[in-house]
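Note that these values count all heavy atoms, side chains included, but never hydrogens, waters or copies made by symmetry. Just so you know, ligand 1 is whichever comes first in the structure, and atom 1 is the first atom listed for that ligand. The model shown is predicted, which means the values in this text are computed figures rather than measured ones.
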Amino acid sequence: MPTVSHFLLNESWSGASTRTGDIFNPATGAATGQVTLASKADVDEVVDVAAAALPAWAATPPARRAMVMFEFRDLLRKHTNELSELLSAEHGKTIPDANGEIARGIEVVEFACGIPQLLKGEYSEAVAVNVDSHTVRQPVGVVAGITPFNFPAMVPLWMYPVAIACGNTFVLKPSERDPTVVLRIAELLAEAGLPAGVLNVVNGDKESVDALLDNPKVEAVSFVGSTPIGHYVYSRGTNSGKRVQALCGAKNHLVVMPDADMDQVTDALIGSAYGSAGERCMAVSVAVPVGERTADRLVAALEPRVRALKVAPYTDPTSELGPVISKQSYNRIHNLIEQGLEQGASLVVDGRDISLQGYEDGYFVGGCLFDNVSTDMSIYKEEIFGPVLSVVRANGYEEAVQMINDHEYGNGAAIFTRDGDAARDFWARARIGMIGVNVPIPVPVAYHSFGGWKRSLFGDHSIHGMEGVRFYTRLKTMTTRWPSGIRTGAEFNFSGGKDV
Ligand code: NAD
């Protein structure tokens, strides 16, 4: 079985640790490889390399850094099919979905190509007589990225292209469940001309995450993953004085107003709730029809579509959704469905008994649809991260908004309506980071920023776009005086020279 190790100084590196984890093909349940799990000493060695590479890279002109990004972007496009194949084999998502993920990652690289413009500072001439002021943004230093399994290519690409373009060096700790595509992309970045030591990848589990969080040479940490781990990373990282952004779990609602186009709503829900087997932080997992009549029409429209979903491995080009990532995840989803039934929800479509010939040991869950879900049930409160949609009936629009605002998560939400008044009220009042109006998965493009509210994001900055540039840089302000012979004398009045 192949062993996936680390990437250091633009080469594969095995480190000293002998601990390993298994990588599975989720469609068959068979182990297909092993991943080396770094020790603290391995992580510290990688951080030392990133710290050593920092001064030269930070001093490289932004336009030269951008040239590497232009090359990188071309290589990612050229190798998209190869990358999607690697990604799907370990994650299980369909090839079109993997292609889409890589395309969204490439958008961030394109954003990073504009870094000279994005890093432009500000200059004020004559803030006082003979005194000028200017601001610049400088790299923070060594940055660590810790990423989840569900977008093994895109989520790391949310981080390091921007961080590196800003002049930082980077240590990436990807998910140990699907690490192969990450390493191939790192090779492409090296091929694009990135100097050795600027991007390094260390594979591992909690031990390597803790080592990154405790290493004083790591100045900032970007985390994407579940809320309990994100909260832990945020607390431990900020406690040791680091800048941390932690993008976390979600429960995304889609409000269906009585005037919504029901065909459009049904298409939107089928794609956003069941695509990628529901393993997206922007998946819609709760539909909130307003009024009983809307709810009855919605459930009637959804039921046959959910039953007809094509669940198959990614190697089947007709597959609409593949397996979930692991046996543990499969069991967790089944358990939550069981709890939904025990707590009184109606399971309109039960996808649990799916069995695919030749893939009996795969982690497939068929599309599930719950109706009559209430807000005290665990299937409503918890992020299921599987192909399960809950319908929570709301008596009126106000109840729908209240429900969303009361939920602990605040990543995304959408409203489907023809009523501009309702749509405007919705986006103004929802305590949510990303809002869609007749758009079910409102993932911002790369030059805007991605991030939720409440327990979906710890820290002050969203990711990519200008928020990404701000997170990966520190602001510095210079005040300069060139006196040309004028003496001001000693100043005691804090006027900043304005009296001169
Ligand atoms: P996860 O929290 O289990 O893992 C994320 C990272 O943390 C991985 O690199 C993992 O190795 C590491 N980790 C796991 N356990 C740890 C521990 N005890 N101590 C330290 N580090 C640990 O998340 P996942 O299952 O890989 O991904 C799914 C989750 O990610 C979902 O909750 C999803 O909503 C979330 N997610 C959020 C966004 C977003 O932008 N908000 C995007 C994608 C995924």
Side-chain angles (χ1 to χ4, degrees), residues 19 21 23 26 35-38 40 43 90-93 101 104-105 108 144-159 171-179 182 201-214 221-237 244-252 276-285 324-326 328-330 332-333 336 363 382-386 408-413 432-434 441-444 449-459 461-465 467-468:
R19 280 197 313 129
I23 303 170
V35 57
T36 308
L37 303 173
K40 180 178 181 325
V43 171
E90 289 179 358
H91 178 284
K93 65 173 73 176
E101 159 167 4
R104 293 307 296 259
V108 184
I146 300 156
T147 54
F149 80 84
N150 67 323
F151 286 106
M154 181 185 78
V155 168
L157 287 169
W158 281 355
M159 300 175 179
V171 178
L172 174 64
K173 206 303 282 172
S175 170
E176 61 276 40
R177 297 190 211 149
D178 44 14
V182 179
V201 182
V202 62
N203 277 303
D205 52 8
K206 179 171 166 49
E207 182 172 344
S208 47
V209 170
D210 287 349
L212 286 168
L213 295 173
D214 296 344
V221 178
S222 293
F223 170 90
V224 176
S226 62
T227 292
I229 308 296
H231 190 244
Y232 165 78
V233 165
Y234 181 77
S235 308
R236 189 159 175 160
V244 182
Q245 59 178 179
L247 286 84
C248 297
K251 196 79 182 175
N252 306 310
S276 206
E279 293 176 320
R280 291 182 182 136
C281 66
M282 287 293 274
V284 173
S285 48
V324 298
I325 187 70
S326 62
Q328 186 192 22
S329 180
Y330 173 95
R332 192 178 161 274
I333 294 164
L336 275 160
Y363 317 134
E382 287 188 34
E383 181 183 43
I384 301 177
F385 228 54
E408 69 167 316
Y409 294 125
N411 218 34
I432 296 289
M434 295 168 283
I441 306 189
V443 175
S449 300
F450 184 109
W453 287 18
K454 297 185 273 183
R455 289 178 65 79
S456 293
L457 172 72
F458 300 101
H461 293 85
S462 296
I463 212 159
H464 65 64
E467 283 283 278

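The proximity of Y409 to ligand 1, defined as any non-hydrogen pair under 4.0 Å, does not occur for either the backbone or the side chain. For P174, every heavy-atom contact with ligand 1 shorter than 4.0 Å involves the backbone, none the side chain.
Every atom of ligand 1 with a heavy atom of L247 under 4.0 Å away is listed here by number and element: 39 (C), 40 (O), 41 (N). Taking a cut-off of under 4.0 Å to the non-hydrogen atoms of I146, the atoms of ligand 1 that pass are 6 (C), 7 (O), 9 (O). Counting the atoms of ligand 1 from 1 in the order shown, those under 4.0 Å from a heavy atom of G249 are 32 (O), 34 (O). Per-residue contacts place N411 under 4.0 angstrom from the following atoms of ligand 1 (heavy atoms of the residue considered): 41 (N). Near K173, the atoms of ligand 1 lying under 4.0 angstrom from a non-hydrogen atom of the residue are 8 (C), 9 (O), 10 (C), 11 (O). Annotation for ligand 1: atoms under 4.0 Å from non-hydrogen atoms of N150 are 43 (C), 44 (C). Close approach to E176 involves these atoms of ligand 1, each under 4.0 Å from a residue heavy atom: 10 (C), 11 (O). Taking a cut-off of under 4.0 Å to the non-hydrogen atoms of C248, the atoms of ligand 1 that pass are 34 (O), 37 (C), 38 (C), 39 (C), 41 (N).
The shortest contact between atom 28 (C) of ligand 1 and any protein heavy atom is with F385 CE2, 3.6 Å. Annotation: atom 7 (O) of ligand 1 to nearest protein heavy atom, F223 CE1, 3.5 Å. For atom 40 (O) of ligand 1, the closest non-hydrogen atom on the protein side is F450 CE2, 3.0 Å. Atom 15 (N) of ligand 1 has I229 CD1, 3.6 Å as its closest protein atom, hydrogens excluded (heavy atom only). Protein heavy atom closest to atom 24 (P) of ligand 1, with residue, atom name and distance, is F149 CD2, 3.6 Å. If you check which protein heavy atom lies closest to atom 36 (N) of ligand 1, you get C281 CB, 3.6 Å. The nearest heavy-atom contact from the protein to atom 31 (C) of ligand 1 is E383 OE1, 3.4 Å. Looking at atom 21 (N) of ligand 1, its nearest protein heavy atom turns out to be V209 CG2, 3.4 Å.
Looking at T227 and F458, their side chains come closer than 4.5 Å, going by heavy atoms from C-beta outward. Put simply, the side chain of F450 reaches to within 4.5 Å of the side chain of V443, judged on heavy atoms. Between W158 and R104 there is no side-chain heavy-atom pair separated by less than 4.5 Å. Between R177 and P152, the closest side-chain pair of non-hydrogen atoms is not below 4.5 Å. Between I463 and Q245, some side-chain heavy-atom pair lies under the 4.5 Å cut-off. Using a 4.5 Å cut-off on side-chain heavy atoms (C-beta onward), V224 and M159 make contact.
Within the 4.0 Å heavy-atom cutoff, S208 does not count among the residues contacting ligand 1.
For ligand 1, the polar-atom distance check finds an N/O of T147 within less than 3.5 Å of one of the ligand's N/O atoms.
Among G225, S226, G433, the residue whose heavy atom sits closest to atom 2 (O) of ligand 1 is S226.
Once rounded to the nearest 0.5 Å, the distance linking CG of L213 with OH of Y232 reads 6.5 Å. For the atom pair OG of S449 and CE of M434, the computed distance is 10.0 Å after rounding to the nearest 0.5 Å. Taking CD of E408 as the reference point, atom CZ of R455 lies at 5.5 Å (rounded to 0.5 Å). If you take CD1 on I384 and CD on E279, they are separated by 12.5 Å, rounding to the nearest 0.5 Å.
Counting only heavy atoms, the protein never gets under 4.0 Å from atom 4 (O) of ligand 1.
Applying side-chain contact (heavy atoms from CB on, under 4.5 Å) to L247 and the options V155, L457, T147 leaves one that passes, L457. Tested against V182 for a side-chain contact (heavy atoms from CB on, under 4.5 Å), the candidates N203, V201, L157 yield a single pass: V201.
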### Message
Please evaluate residues D214 and K40 with respect to the criterion salt bridge (charged side-chain N to carboxylate O under 4.0 Å, His left out), reporting the C-alpha separation (whole Å), side-chain torsions for both, the decisive distance (0.1 Å), and the verdict.
### Response
CA-CA 10 Å; D214 296 344; K40 180 178 181 325; over 6 Å; no
